[in-house]
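Because only heavy atoms are used, hydrogens play no part in the values below, and waters and symmetry mates are left out as well, while side chains stay in. Computed from a prediction, not measured in an experiment: that's the story for all the values here.
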Amino acid sequence: MSGNKRLIRTAFRTAVFARDSHKCRKCGNRGKLDAHHIIDRNLLPNGGYTPMNGITLCEPCHQLAEVFHSTGTPAEGFAPADLFALIGSDEQRARSAALRLK
């Protein structure tokens with residue numbers, strides 16, 4: 001990973017974790033956390049590295065959220081719309097914010 005991409009990824013994780021008070025937005029766990037891209041980063045401009053497209057999830061919840069990325073069918077409660085609702089965002093807001101990234 002290039003130095004610039006590492007900085008972008010770190011800034012994304014830091015912003016998402018801070019907004020979500022360093023706990024899983026789905027279950028409240030404070031264990032091992034990840035900043036999950038709700039819309040796959042390959043499908044948004046500039047990698048979708050905006051907090052409007054990120055949500056803090058614990059490892060078990062992150063695995064359930066990733067089901068959608070790998071199969072196109074979400075686990076119950078883990079559809080992109082469900083996750084966006086937890087952070088007060090939606091796909092249009094995430095897409096608009098990603099376009100503004102430099």
Side-chain angles (χ1 to χ4, degrees):
M1 180 182 301
S2 73
N4 190 42
K5 182 162 180 162
R6 186 172 286 119
L7 290 174
I8 291 167
R9 184 175 184 266
T10 299
F12 170 73
R13 291 172 56 85
T14 299
V16 170
F17 289 166
R19 182 202 59 219
D20 296 342
S21 301
H22 297 273
K23 66 181 178 181
C24 179
R25 289 301 295 257
K26 196 68 178 148
C27 73
N29 189 343
R30 292 186 181 271
K32 185 176 180 193
L33 301 173
D34 197 9
H36 173 70
H37 285 83
I38 298 172
I39 301 297
D40 187 291
R41 63 183 171 264
N42 296 310
L43 301 176
L44 287 180
N46 301 306
Y49 283 97
T50 171
M52 299 303 285
N53 185 46
I55 186 169
T56 302
L57 296 174
C58 65
E59 193 169 297
C61 288
H62 190 221
Q63 288 176 355
L64 289 169
E66 285 293 326
V67 169
F68 180 74
H69 290 313
S70 61
T71 68
T73 301
E76 186 174 337
F78 286 88
D82 299 327
L83 299 178
F84 277 129
L86 292 172
I87 64 165
S89 186
D90 58 37
E91 184 173 353
Q92 183 56 45
R93 289 181 190 153
R95 192 169 294 284
S96 294
L99 284 169
R100 292 189 299 270
L101 294 172
K102 295 291 176 198

- prompt: Are the side chain of Thr71 and the backbone of Thr73 linked by a donor-acceptor contact shorter than 3.5 Å?
  reply: yes
- prompt: Excluding sequence neighbours, so at least two apart, what forms side chain to side chain contact (heavy atoms under 4.5 Å, CB included) with Ala79?
  reply: Pro74, Asp82
task: Output all residues satisfying side chain to side chain contact (heavy atoms under 4.5 Å, CB included) with Ser96, sequence neighbours left out; order by chain, then residue number.
output: Gln92, Arg100
statement: Residues pairing under salt bridge (charged side-chain N to carboxylate O under 4.0 Å, His left out) where one sits in residues 40-61, two or more places apart or in two chains, turn out to be Lys32-Glu59
message: Once salt bridge (Lys or Arg N to Asp or Glu O under 4.0 Å) is applied, do any residues pair with Arg13, and if so which ones, sequence neighbours excluded?
response: Asp34
Sequence-distant partners of Arg95, side-chain hydrogen bond (donor to acceptor under 3.5 Å, both in side chains), two or more places apart: Glu91
- request: Scan residues 60-80 for pairs that pass salt bridge (charged side-chain N to carboxylate O under 4.0 Å, His left out), counting only residues two or more places apart or in two chains.
  value: none
message: Test of understanding: with ring pair (Phe, Tyr, Trp, His ring centres under 6.0 Å), list the residues that count as partners of His69, not counting sequence neighbours.
response: His36
- line: Residues passing the side chain to side chain contact (heavy atoms under 4.5 Å, CB included) test with Pro60, sequence neighbours excluded, are Cys58
Interatomic spacing from OG1 in Thr14 to CZ in Arg9 - rounded to 0.5 Å: 10.5 Å
query: Does Gln63 have any side-chain hydrogen bond (donor to acceptor under 3.5 Å, both in side chains) partners at least two apart in sequence or in another chain, and if so, which?
result: none
- prompt: Distance from Asp20 atom CG to Thr56 atom OG1, nearest 0.5 Å?
  reply: 3.5 Å
query: By side-chain hydrogen bond (donor to acceptor under 3.5 Å, both in side chains), which residues pair with Thr50, not counting sequence neighbours?
result: none
message: Please give me the minimum heavy-atom distance between Arg93 and Gly88, naming the atom from each residue.
response: NH1-O, 2.7 Å
field: Minimum heavy-atom distance Gly54-Arg19, with the two atoms named
entry: O-NH2, 2.6 Å
message: Checking Ser70 now: which residues fulfil side chain to side chain contact (heavy atoms under 4.5 Å, CB included) with it, not counting sequence neighbours?
response: none
- prompt: Other than Ile39, what residues sit in its cluster of Ile, Leu, Val, Met, Phe, Trp and Tyr side chains whose heavy atoms are under 4.5 Å apart, directly or through others?
  reply: Ile38, Leu43, Leu44, Ile55, Leu57, Leu64, Phe78, Leu83, Phe84, Leu86, Ile87
query: Considering all heavy atoms of both residues, which atom of Pro80 and which atom of Phe68 are nearest to each other, and what is their separation?
result: CG-CE2, 3.5 Å
field: Closest non-hydrogen atom pair, Ala98 against Gly48
entry: CB-CA, 4.1 Å
query: Do you know the tightest heavy-atom contact between Tyr49 and Phe12?
result: C-CD1, 3.6 Å
task: Over all heavy atoms of both residues, which pair between Val16 and Pro51 is shortest? Give the atoms and the distance, please.
output: CG2-CA, 3.9 Å
